[in-house]
Amino acid sequence: MQKSSLSGYILATLLAGVFFMIGNADAVWSTSVDLAHHYALIFRIGESWHLVPDDPTLWEMNVYPRSGHIMAALVGSVFGSPFLGMHLVTLASLVLLWASCLALLYAAPGRTGPLAALALATLVVFTEGGLIHGAEIAPNYFFSQLIAQALGFMAIVIALWIERHWHRGYVYAFLLAAIWVMTDVHLLPTLELLGVFAGVLLLDLLRSPAGRERIGAIIVALALLMAGIATVVLHPSFSAMRSISENNGGLNLGIFGEIWSIAVLCLVVLVSCIPMLRSWWRASESHALYKYLALYGAAVAGLCLLQMVLRFFNLGSDYAVKKYVFGLVSFLFLIAALWVGNAAGAALASRTRATRLLGSAPLRVAIFGLALFFTVSSAGRTEPQADTSDIVAAERQLTSLRDSVLSPAPTGKYNLVADIAGMPVVVNYMFSLAVARTPREVAGHDFLAGTTLGPWERYGVIVSSRGHSRYAGADRCASMASGPLVVLDATCLSKVQREAALCKGSFDFSTKGRIDPGMLAGFSGAEQEFRWTEGTQVSFTCTADEPRSLAKLALAPFLTPAHKRQRVSIAVNDAAPIVAELSSASVSVVELPLPQVAPGQEMRFTIDLPDAVSPQSLGMSADGRRLGVAVRSLSFE
């Protein structure tokens, strides 16, 4: 990258970043539990800028590296929303990461840079980002890892610039400082940069003159390497992150879902580094980019293989190994772009006009900005899972209610946030941890391990959106209200829930019915007129209050020209099942004689659907649910 055009590249980065952030400011791509846990730490930091030791709402986040979270809390304080602060820092990190990668490509000799940038953007757009950097936050939400990865690439770019313009010793000092800063953000990218630092020291040793001068260089290199290792290992976050790495979380990586396939990927990356190192060795300073890029690839692949060895000795997990895939795939994208850029540059070398155009500073800057925008817009992207504006609005409403009218929960009880209108389950969990200060153990059980709340004795109040509680008649339990939110008394809700679970009257399975999710098993979410069964067996459970003789189940089968029947078998407790074959899409009412059940005992309706099939398997849509029947109502006589 030409020094005289540095301001132009900075401006191009800012413009591309602003357009990208404006276009994605309202898009939340992940609703994983990681989103909730990182948010809880950011929210807690922003409250008083001081954390209480062993906060029960944070668990492992009590010892998590927190520089990235402090940054998000600072941005959040400016905009009056910790969640918006977290989201904006995430978007800015993504821009910084890929701007740094493009800056590396522009450091290639000749006219390769712009052509490689165009190749990278094209590759990313047509592969929809794949598993490159950016996929850390969708569907998982590796907030700190993304920030540290961006800082790591930026550190490599700066180290390359220093090597070209200043003394080599400044490179060592800068990389040590960068490692020290990144250690308090996330361990994995820090270790990668430490690997790059070790590689720089080793290659400089190999190029140093023989004799006493080399002996001195070895001593200095070892001292510097030990200083880098000590910077990482002695930092409090090292032991914390190493312990966290032993937890085996969920991470879907498609073709790299198996450890053996990741090992093959590592070997491909290591082999790809060899020609780049040879190119640098021959051309030295003019090809310094290849040295740094090869060292980065070797560091990521080497650390990933080392993590596999540690996993073999039960000192890690599949999860810790899989986290390296983003860096490995991104590296292959970068060298593929460089190869295309080199080939295209060689093909255009004989064309004077094209060569002159590629040397034009305005055109190079314009290509940089456009390539950055398209790359960052496609990197690891999935469909938005929620709207930032809706979450921020709910956050502000909840915070206002907490600060104005909501009292702390009595000793031994906990307040909870549940059923906020339009919010995914994880967002309710997130607000419970951060705003209501619900301990992780309680909130995790209620939101992540089941579909129903309880036991009721441990709650003080439950904050919900007016008219959106999962319990029919819950608004009768409102002890206070603030705007669209109501504070529901848990003792009252317990009574309402018991009444709503009685086998009497009629249960509406649409969104209007608000059936307690704990009464359902195997059903999909409620829709405007009904609720689909999902799978080959579902059940509905209620509590008998008095003798009933008959129940009527209104349902309609899922039928298509390619799927013309649905067999249904419905049993109530241990009674003989009622069997029917439905071949008409119209609503059918199945009459079910009821067995004698003592008051207070459960009555379970089990529906078997051997012909349930997904629209996806029939080529109708991307819906992968195995649909059987759309249940509309269940009434008792």
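- With no hydrogens or angles considered, a side-chain donor-acceptor pair links Ser614 and Ser617 at under 3.5 Å.
- Summarising the geometry, atom OG belonging to Ser100 is positioned 11.0 Å from atom NE2 belonging to His133; distances are rounded to the nearest 0.5 Å.
- Taking OG of Ser465 as the start and CD of Gln397 as the end, the distance is 7.0 Å to the nearest 0.5 Å.
- Salt bridge status for Arg311 with Asp318: present, with a side-chain N to carboxylate O gap under 4.0 Å.
- The main-chain N or O of Ala612 is found under 3.5 Å from a side-chain atom of Arg626 such that the two form a donor-acceptor pair.
- At least one donor-acceptor pair closer than 3.5 Å links the side chain of His87 to the backbone N or O of Asn24.
- Using the six-membered ring where Trp is involved, Phe43 and Tyr39 have ring planes that are tilted, between 30° and 60° apart.
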Apply ring pair (Phe, Tyr, Trp, His ring centres under 6.0 Å) to the pair Trp532 and Phe558, showing each step before the final yes or no. CA-CA 9 Å; Trp532 282 112; Phe558 174 66; 5.8 Å; yes
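- Counting only distance, with no hydrogens or angles, the side chain of Asp623 and the backbone of Gln616 share no donor-acceptor pair below 3.5 Å.
- By the neighbour-count criterion of 12 heavy atoms within 6.0 Å, atom CZ of Phe19 is sparsely surrounded, having that number or fewer from other residues, nucleotides or ligands.
- Counting non-hydrogen atoms of other residues, nucleotides and ligands closer than 6.0 Å to CZ of Phe333 gives a total above 12.
- We find that Arg437 and Glu47 are joined by a salt bridge, their nearest charged nitrogen and carboxylate oxygen being less than 4.0 Å apart.
- A distance of 7.0 Å separates CD of Glu136 from OG of Ser330, quoted to the nearest 0.5 Å.
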Begin with the C-alpha distance, continue with both residues' side-chain angles, and end with the deciding distance and a verdict on ring pair (Phe, Tyr, Trp, His ring centres under 6.0 Å) for His186 and Phe142. CA-CA 10 Å; His186 197 279; Phe142 301 148; 7.9 Å; no
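- For the pair Leu203 and Val200, the minimum side-chain heavy-atom distance is 4.5 Å or more.
- Pairing each heavy atom of Ile179 with each of Val232, the nearest pair is CG2-CG2, 3.6 Å.
- For the pair Glu441 and Arg458, the salt-bridge criterion is not met [side-chain N within less than 4.0 Å of a carboxylate O].
- Using bins of under 30°, 30° to 60° and over 60° for the plane-to-plane angle, the ring pair Phe143/His38 lands in the tilted bin.
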Tyr106 vs Phe368, test: ring pair (Phe, Tyr, Trp, His ring centres under 6.0 Å). Steps then yes/no. CA-CA 9 Å; Tyr106 266 62; Phe368 184 94; 5.3 Å; yes
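- Taking a 6.0 Å sphere around CD of Glu60, one finds it holds more than 12 heavy atoms contributed by other residues, nucleotides or ligands.
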Under the side chain to side chain contact (heavy atoms under 4.5 Å, CB included) rule, what do His50 and Ile45 come out as? Steps first, then yes or no, please. CA-CA 6 Å; His50 173 73; Ile45 290 171; over 6 Å; no
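- A donor-acceptor pair is defined here as one N or O able to donate and one able to accept, closer than 3.5 Å; such a pair exists between the side chain of Asn62 and the backbone of Asp55.
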